[in-house]
Amino acid sequence: MEAMASAYVERTPWTRLRLEALYALVEPQPEDRILDLGCAAGALTDFFSGFGVAVVGVDASPAAIAKARELFPQLEFVEADVRQLPFPDDSFDKAVAGDLVEHLDDETFRAMLRELRRVLVPGGTLSIYTPNPRHPIERLKARNLILAQNPTHIGLRTSSELERLLGEEGFSVERLDWKPSFFRGLRVIERALGPHVESLRYRLCIRASAKEGQTPRGV
């Protein structure tokens, strides 16, 4: 929690890349009601609060919620499981999952999507920012070569896998994008070849909207 909070405060290259990508995906508008899923120390909750929106951060970790409340006491943070969100139907216009879904197995991810169908207004959006498992950095991590894999990354998925799961749970993908890394030399190659080579897309950026009048699978 301390490292994540420091990265946000210091606006590290990793943080700047993340914030820029999610701002472009979410497109916050004044009076939007936004749900920050897996908020951790509250970085994205605080970031989006600066755009005149009503934002709530949720996380299942008591330590994360405690840290978020310590850092940003003026904001609302709720300890909750994404599979069972403690909000009424149609409570939010938009939801954000920044570096979250790679921590979820398929069953949990699907359950979260079904809950989001409930708490989002019809046509509400979910924005996802997540590592690309085909990128060379993630391939090195998977083999614990040079870089160590995060042991909680149990749900790394390709863009096509994410699109399939979203569709099966009642979401329609309206934007499918990617971002190059912040490593200078590699970034040049990614920008040049990434549009044509999927493995050179460092982060996957997806925005999907809840389909109106459709019951998701499993409900």
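Starting from 1, each residue takes its place in the sequence as its number. Quantities reported herein were computed from a predicted structural model and do not represent experimental measurements.
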*With no hydrogens and no angle check, is any side-chain donor or acceptor of Arg33 less than 3.5 Å from a backbone partner on Leu120?*
no
*Taking the six-membered ring for Trp, are Tyr23 and Phe48 ring centroids under 6.0 Å apart?*
no
*Can you find a heavy atom in the side chain of Val188 that is under 4.5 Å from one in the side chain of Phe183?*
no
*Is a salt bridge present between Lys141 and Glu138, judged by a nitrogen-to-oxygen distance below 4.0 Å?*
yes
*asked:* I'd like to know if the side chain of Thr45 reaches the main chain of Val56, judged simply by a donor and an acceptor atom lying under 3.5 Å from each other, with no hydrogens or angles considered.
replied: no
*Tell me whether Trp14 is reachable from Val9 by hopping between hydrophobic residues (I, L, V, M, F, W, Y) whose side-chain heavy atoms are closer than 4.5 Å.*
no
*Do the side chains of Leu162 and Ile154 join up, straight or via other hydrophobic residues, at under 4.5 Å, putting them in one cluster?*
no
*Show your reasoning for whether side-chain contact (heavy atoms from CB on, under 4.5 Å) applies to Val58 and Ile65.*
CA-CA 8 Å; Val58 298; Ile65 294 298; 5.9 Å; no
*Can you measure from CG (Leu100) to SG (Cys39) and round to the nearest 0.5 angstrom?*
10.0 Å
*Find the distance between CG (Asp177) and OG (Ser127) and round it off to the nearest 0.5 Å.*
11.5 Å
*Of all the heavy-atom pairs spanning Leu116 and Ala95, show the shortest one and how long it is.*
CD2-CB, 3.9 Å
*Evaluate the ring planes of Phe72 and Phe77, with Trp represented by its six-membered ring, and classify them as parallel (under 30°), tilted (30 to 60°) or perpendicular (over 60°).*
tilted
_More than 12 heavy atoms of other groups within 6.0 Å of Arg69 CZ_ = yes
_Hydrophobic clusters here meaning ILVMFWY residues chained together by side-chain heavy-atom distances under 4.5 Å, can you tell me if Leu204 and Ile189 are in one?_
no
*With side chains defined as the heavy atoms from C-beta onward, is the minimum distance between Phe171 and Leu126 less than 4.5 Å?*
yes
*Check Pro131 against Pro133 and note the closest heavy-atom contact, atom names and distance.*
O-CD, 3.5 Å
*Any idea which heavy atoms bring Lys211 and Gly167 closest together, and the distance?*
NZ-O, 4.0 Å
_Leu75 to Ser49 - nearest heavy-atom pair and separation_ = CD2-CB, 3.7 Å
*asked:* For Phe87, give me all partners under ring-ring contact (aromatic ring centres under 6.0 Å, His included), at least two apart in sequence or on another chain.
replied: Phe92
*Gln84, CD: over 12 other non-hydrogen atoms inside 6.0 angstrom*: no
*asked:* Using the rule that Ile, Leu, Val, Met, Phe, Trp and Tyr join whenever any side-chain heavy atoms are under 4.5 Å apart, tell me whether Val96 and Leu71 fall into a single cluster.
replied: yes
_Leu166 CG to Ser172 OG distance, which is reported to the nearest 0.5 Å_ = 9.5 Å
*asked:* Give me each pair satisfying salt bridge (Lys or Arg N to Asp or Glu O under 4.0 Å) with a member in residues 5-19, each pair once, sequence neighbours excluded.
replied: Arg18-Asp99
*What distance separates Ile34 CD1 from Asp93 CG, expressed to the nearest 0.5 Å?*
8.0 Å
*In terms of hydrophobic clusters joined by side-chain contacts under 4.5 Å, are Val78 and Val82 together?*
yes
*asked:* Using modelled atom types and a 3.5 Å cut-off, is there a donor and acceptor pairing between side-chain atoms of Arg201 and backbone atoms of Pro195?
replied: yes
*Check the surroundings of atom CD in Glu31: do more than 12 heavy atoms from other residues, nucleotides or ligands lie under 6.0 Å from it?*
no
*With side-chain contact (heavy atoms from CB on, under 4.5 Å) as the test, would you mind laying out the steps for Arg83 and Glu115 before giving the verdict?*
CA-CA 6 Å; Arg83 295 172 295 185; Glu115 270 292 81; 5.6 Å; no
*Beyond-backbone contact of Leu104 with Met112, side-chain heavy atoms, under 4.5 angstrom*: yes
*asked:* Taking the side chain as everything from C-beta on, heavy atoms only, tell me whether Val26 gets closer than 4.5 Å to Arg207.
replied: no
*Distance from Glu79 atom CD to Ser61 atom OG, nearest 0.5 Å?*
7.5 Å
*Could you please spell out the steps behind the side chain to side chain donor-acceptor pair (under 3.5 Å) verdict for Glu190 and His135?*
CA-CA 10 Å; Glu190 291 167 335; His135 191 275; 2.5 Å; yes
*asked:* Could you measure the distance from the CD1 atom of Ile206 to the CG atom of Leu25? Nearest 0.5 Å is fine.
replied: 9.0 Å
*Identify the residue among Thr125, Asp32, Asp36 that makes a side chain to side chain donor-acceptor pair (under 3.5 Å) with Lys94.*
Asp32
*Quick one: does Asn132's side chain get under 4.5 Å of Leu156's, heavy atoms only?*
no
*With the side chain counted from C-beta on, respond yes when Arg157 and Glu102 share a heavy-atom pair under 4.5 Å apart, and no when they do not.*
no
*Should Cys205 and Arg175 be marked as a side-chain contact (heavy atoms from CB on, under 4.5 Å) after you check the CA-CA gap, both sets of side-chain angles, and the distance that decides it?*
CA-CA 8 Å; Cys205 305; Arg175 182 169 176 179; over 6 Å; no
*Taking C-beta and beyond as the side chain, do Tyr8 and Leu19 meet within less than 4.5 Å on heavy atoms?*
yes
*Closest non-hydrogen atom pair, Pro180 against Arg187*: O-NH1, 3.7 Å
*Do Arg203 side-chain atoms and Trp178 backbone N/O form a donor-acceptor pair below 3.5 Å?*
no
*Can you check whether Pro30 reaches Val53 side chain to side chain, under 4.5 Å on heavy atoms?*
no
